[in-house]
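Inspection log for the structure reproduced underneath, given as structure tokens.
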Amino acid sequence: MKQTFQISILILSLIFALPCLAGGNDFAMQVTQANLHYQNKQYEEAAKAYEALIAEGYKNGHLYYNLGNAYYRLGQMGASILNYTRAKSLIPRDKDLEANLKSAYQETSDHLEGKESILLFWLDNFNQVEIVHALVVAGILFWLTMIARLFFRAAAWDIARNTTLCLLLFTTISAGAKYYWDTNNPTAVVLAKTIDVKSAPGADGITLFQLHEGAVASIAEEKDDWYKIELPDDKKGWVKKDAIGI
Amino acid sequence: MLLFIILLCLASTSLADDIGMRATVDKTEATVEDTINLSVTVSGTQNSPQPRLPPMPDFRVQSAGTSSSVQIINTKMSSSVTFSYRLTPLKTGAFVISPITLAIDGKTYSTEPITLQIKDASVAPTGQSAPVFAQISVSNDKPYVNEQISLTLKLFRRVDLKNINLNIANDGFRKEDLGKEKEYDQVVNGVGYHVHELSFALFPAKPGTLEIPPAVLDLDILTRTERRPSRDPFAHFFDDSFLFGGRMQAEHKTLRTNPLTVRVQPLPEAGKPANFSNLVGKFSISADLGKEEVEAGDSATLTVTISGKGNVKDIPEPAPDLQAAFKVYPDQPEFTQEIEGNKIAGRKIFKFALVPVHAGSAAVPSVPLAYFDPEQRKYITVSTKPLAIKVTSGKEQLKVVGADPADKKSEPKTIKVVGRDILPIHTRISDFGDLRFTTTRAILYTGGIIFPPLLYLAAAYYTAYKRRLKYDVAYSRNRNAYKLARKRLDTIVSSYSTNTKDFARELSKILREYIGDKTNLQGTAFTPLEMEEKLRERNYREDLIQSVSNLLEKCESLQYAPMQVNDNTTKTLLDESSDILETIEKQI
């Protein structure tokens, strides 16, 4: 029994320690270099360095946040909002990010902000990794209480088992909902200064309305190199893929 | 009792034809202040319908109840129903009450007509020394439109009254109470009266001659009935009117006051200010700004107070001309009304939240108020002092919408946005871990999800096994048989290597106990034949059974008929038994 517990603890600590372990020294060096560019007001170099790291495949909320800052300084609100939005899915509870994203929204001319899920509101406050961790921990706790029930036949263990079962169901539903939400509601940010939103994909569509840099919409459909976007007020239309970022 | 009922029945049948009807009044001469009691008695029946009264437009008719009586005098029985009415004269003169008709069983009965003389109360012989009388007066019979006049009603009495009910019509006026009733004593023509005085404020609504109709007072005069001289020496014990209230008698009376005429004058057209709004009386106006300095975007409160005497309810909302310099948000006005002497006074407080539009100095111009002073007979315009407020420029002009100026102080000040900038980048290197979904991560997650249930299965299997060992003896013996036998075989070599006889016995015992454990047989004293049977029952291979019995037989023969023994013999036996044990274990 004791051994099992120790193994579980070992696994848990491994999972949580992972982000620290994975970041190599080289990566840290490059980040420091990019940050230095930013602090020396060489925003273009900083942005390039951050972009290079992202292109290498590094995934980190603070990296996106810093890139968003660099684009903000360069006056590219579309790219700034896009990177802040990406950062938000990784570091959702960061207060600096919240403030800067708000400032960036203020700078746009359409003032269209990304919508938040209302029903499962807590999902916006956790990133995917955290929710998976919660799911794994809840699973381990559940099975541990199940095992404990085999050895100790006290009513308290039944209560513990039911509690952890609820926890497990809750985290499972949350994880499923988070995955569904993130894959089915991709957020699009307008990167071009102005784009025409058309009634149909292709050149023969009529321009319905215009969106400006930094406007946030959600993508409903994809066809060739066109996206069908939806605005919070239910306006819909088709835009060219190259004018927006996801 | 029975006789009485029979008599009653007889009476009601025999006297049914004998119906009579008469009408009486308690007096035929009365004043307009009196009430006349009219009684209609229907005799000869117990259940008469209501008689139909002729129309009497000159009287107010009130029903005063029905009473019935049965009288038996010397076996002669009479029954009657009396309907009582109370007539209140409305006019003076001579009136005739036409016959009152009643239809019973298809026959119509009627009463004699009654002539009544109604005189004016003022010519009543009693004059001013009447027990009770009332009068009204007005403070001013030539008021202007909307000027307040007071109407005073005085009730003079020198008797006890109860059930006083006052009714004053007020057509063409707005009436308001002027405080509580006053009571004092006054001597009129040498007669002492107790006076109740009640005042009302009247505001005439339109010019012209207006008649204040007489106030009507319904009341009961309480009079003490004369005490009858009694010879009973104890009578005075019970002659306490307080304890035995029956000695007081009430007489209903309706008092009507003198009508009054008021000539209402229109307000003069000459010199009427443009912003005059029917305010008549004496008024004053004042204005106040809470502070002298305000930040642009912040709000100041302008308080305009209008107070005075007169038709205070009609005080209009002032309209200060502020649109150029401020955004104006008016508040609900506060209104209080009070009575000062015999005048209605009051105050209306208007509050405006002012939000300056520009920085610099903003002026609140004087607010005028026009009213008509009936004492000076002219229009007067009063106005507030002009006020100024310094508007300091806020760094950012914000619109304050709907902010309540009243509790401005308690509110925390909103933070003004000076400029917009973003917060700096994050530089703590430990934050920059890679969150990529790597293979190791995937393996760990999968492990984390799959490992605990596997662990559970293992634990479940383990506990189930433990439980079986604990509760299932056969199973437990079966499971432990090999372990036990193996152990004993290992020790046997060192202990009995010298003594072949003992060795053979011990080996035979180990084997038989092993088989016993395996097959759950008690003890070791079973024959090879018995054992073969048991093994066969449990579906052991035939060759295995044979080798087991061969081995056992060998041991037996070694025990009882020692042959040539050498080291090899024991060794072969031991190896043989080990093989058998392993084969049996494998077969399961």
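Everything numeric here is computed off the predicted structure, so don't read it as measured data. Labels below follow one simple rule: chain letters A, B, ... track the order of the sequence lines, proteins then strands, and each chain is numbered from 1.
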What residues of residues 59-73 of chain A sit under 4.5 Å from chain B when only non-hydrogen atoms are counted? A/K59, A/N60, A/H62, A/L63, A/Y65, A/N66, A/N69, A/Y72, A/R73
Any salt bridge between B/R477 and B/D517, counting N to O under 4.0 Å? yes
Can you tell which part of B/T463 gets under 4.5 Å to a heavy atom of chain A, answering side chain, backbone, both or neither? side chain
Side-chain ion pair, A/R93 and A/E98, N-O less than 4.0 Å: no
Quick check for you: to the nearest 0.5 Å, what is the distance between A/L150 atom CG and B/Y462 atom OH? 12.0 Å
Go through the side-chain N and O atoms of A/Y43 and A/H37 and say whether any donor and acceptor fall under 3.5 Å apart. no
Verify whether one side chain among A/D110 and A/H212 offers a donor that lies under 3.5 Å from an acceptor in the other. yes
Check each atom of A/Q106 against the heavy atoms of chain B and say whether the ones under 4.5 Å are side chain, backbone, both or neither. both
Is the closest basic N to carboxylate O distance between B/D431 and B/R428 below 4.0 Å? yes
At a heavy-atom distance under 4.5 Å, which candidate from A/A34, A/G139, A/A46, A/S103 has the highest pair count against chain B? A/S103
Just checking, is any N or O donor in the side chain of A/Q39 or A/N35 under 3.5 Å from an acceptor N or O on the other one? no
